[in-house]
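To find a chain, count down the sequence lines: A is the first, B the second, and so on, and within it residues start at 1. Not measured: the values here are computed from a predicted model.
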Amino acid sequence: ETGVTQTPRHLVMGMTNKKSLKCEQHLGHNAMYWYKQSAKKPLELMFVYNFKEQTENNSVPSRFSPECPNSSHLFLHLHTLQPEDSALYLCASSQEWTAEIQYFGAGTRLSVL
Amino acid sequence: EDQVTQSPEALRLQEGESSSLNCSYTVSGLRGLFWYRQDPGKGPEFLFTLYSAGEEKEKERLKATLTKKESFLHITAPKPEDSATYLCAVQAGSSASKIIFGSGTRLSIRP
């Protein structure tokens with residue numbers, strides 16, 4: 001148990017659906033992150049939040065919409081996704097946004113049909 | 001352009017057969033180099049951070065080393081439970097957006 005919990009673990013959605021991924025951390029960290037992990041590709045950083053404020057958006061398409069209501073919770077809202085968005089979405093947290101050590105959740109395996 | 005390359009892509013060893021994984025990097029202003037382990041169906045788990053050339057860190061059968069161009073993860077007398085994907089990442093600045101991950105090495109240890 002890493003202290004970072006992601007739900008759901010698996011998600012199948014059509015291209016016209018709207019769904020949300022949830023992440024909760026119980027570590028008292030101030031920074032939270034969304035990553036995308038595709039087969040045989042490096043982890044891609046999507047968003048960074050520090051004290052609930054978004055500090056980084058790495059050119060992510062607008063069909064991905066993050067929300068961070070407090071330092072412990074992070075959401076990723078999904079709408080009108082494409083099949084190439086199918087991947088493992090990982091949430092991580094760290095004490096500070098300088099991110100020296102990140103603690104990852106188990107991820108949500110997303111399939112877009 | 002900042003870049004991280006891990007080799008080999010996959011490695012199969014017999015139990016007890018020692019070997020090394022490589023992480024080569026090209027980055028301006030290295031702030032730190034990280035090794036993570038990822039098991040199937042799980043997120044990456046932090047192993048080590050290295051900050052400067054010549055630094056070494058050990059944990060059980062694993063030892064990480066760092067030069068100005070690459071890092072090695074040495075595995076001594078591995079056991080089947082060491083089977084996992086090992087990820088290398090470098091941080092090129094104080095911002096989290098400057099973290100770059102390699103594609104990983106998938107390690108399998110046969111009993």
Side-chain angles (χ1 to χ4, degrees), chain A residues 1-10 21 23-25 27 29-51 53-60 74 87-109, chain B residues 1-11 21-27 29-52 55 57 59 64 66 84-106:
Chain A
E1 184 59 54
T2 66
V4 180
T5 303
Q6 291 188 243
T7 55
R9 292 296 310 277
H10 302 274
L21 310 185
C23 176
E24 182 175 1
Q25 58 98 357
L27 301 169
H29 289 166
N30 298 316
M32 297 186 76
Y33 313 82
W34 279 117
Y35 285 89
K36 176 182 179 182
Q37 187 173 38
S38 304
K40 296 194 175 182
K41 291 179 67 176
L43 265 73
E44 300 172 56
L45 181 64
M46 301 174 72
F47 302 103
V48 180
Y49 277 83
N50 186 49
F51 287 101
E53 299 298 322
Q54 187 179 126
T55 58
E56 304 286 346
N57 175 341
N58 281 355
S59 304
V60 179
L74 186 64
L88 181 68
Y89 288 86
L90 291 162
C91 172
S93 71
S94 65
Q95 186 63 53
E96 304 295 340
W97 76 302
T98 49
E100 294 207 353
I101 299 174
Q102 296 187 18
Y103 295 82
F104 286 82
T108 295
R109 174 69 63 186
Chain B
E1 181 185 346
D2 297 335
Q3 197 167 340
V4 177
T5 303
Q6 290 189 247
S7 62
E9 185 176 317
L11 181 62
L21 312 182
N22 179 263
C23 172
S24 299
Y25 63 90
T26 305
V27 63
L30 179 71
R31 179 181 171 91
L33 184 142
F34 310 92
W35 282 100
Y36 285 85
R37 167 189 171 135
Q38 186 172 20
D39 293 297
K42 295 188 177 181
E45 176 187 353
F46 172 78
L47 292 173
F48 303 108
T49 307
L50 301 167
Y51 295 102
S52 57
E55 189 175 0
K57 290 202 176 165
K59 179 181 179 180
L66 180 64
T85 296
Y86 290 85
L87 302 174
C88 170
V90 298
Q91 187 172 6
S94 60
S95 165
S97 66
K98 298 299 184 184
I99 291 180
I100 306 165
F101 277 83
S103 297
T105 292
R106 193 170 60 257

Chemist: Could you look at B:E9 and say if it's the side chain, the backbone, both or neither that has a heavy atom under 4.5 Å from chain A?
Modeler: side chain
Chemist: Take B:I99 and A:L45 through the test side-chain contact (heavy atoms from CB on, under 4.5 Å) and record every step on the way to the result.
Modeler: CA-CA 8 Å; B:I99 291 180; A:L45 181 64; 5.7 Å; no
Chemist: Which atoms of B:Y51 come close to chain A, meaning under 4.5 Å heavy atom to heavy atom: side chain ones, backbone ones, both, or neither?
Modeler: side chain
Chemist: Is A:Q37 close to chain B through its backbone or its side chain, or both, or neither, when contacts mean heavy atoms under 4.5 Å?
Modeler: side chain
Chemist: Does B:K57, at its NZ atom, have more than 12 non-hydrogen atoms belonging to other residues, nucleotides or ligands within less than 6.0 Å?
Modeler: yes
Chemist: At a heavy-atom separation under 4.5 Å, does A:R109 approach chain B through its side chain, its backbone, both, or neither?
Modeler: neither
Chemist: Which value, rounded to the nearest 0.5 Å, describes the distance between A:F104 atom CZ and B:Y36 atom OH?
Modeler: 5.0 Å
Chemist: Going by the rule ring-ring contact (aromatic ring centres under 6.0 Å, His included), which residues pair with A:Y103 if we only count those two or more places apart in sequence or in a different chain?
Modeler: A:H29
Chemist: Tell me which of these, B:G41, B:P44, B:G102, B:S103, has more heavy-atom pairs under 4.5 Å with chain A than the rest.
Modeler: B:P44
Chemist: Which bit of B:Q6 comes within less than 4.5 Å of chain A, counting heavy atoms only: side chain, backbone, both or neither?
Modeler: neither
Chemist: Quick one: pull up CD1 in B:I100 and CG in A:L43 and give me the separation to the nearest 0.5 Å.
Modeler: 12.5 Å
Chemist: Applying salt bridge (charged side-chain N to carboxylate O under 4.0 Å, His left out), name anything that partners B:K42, two or more places apart in sequence or on another chain.
Modeler: none
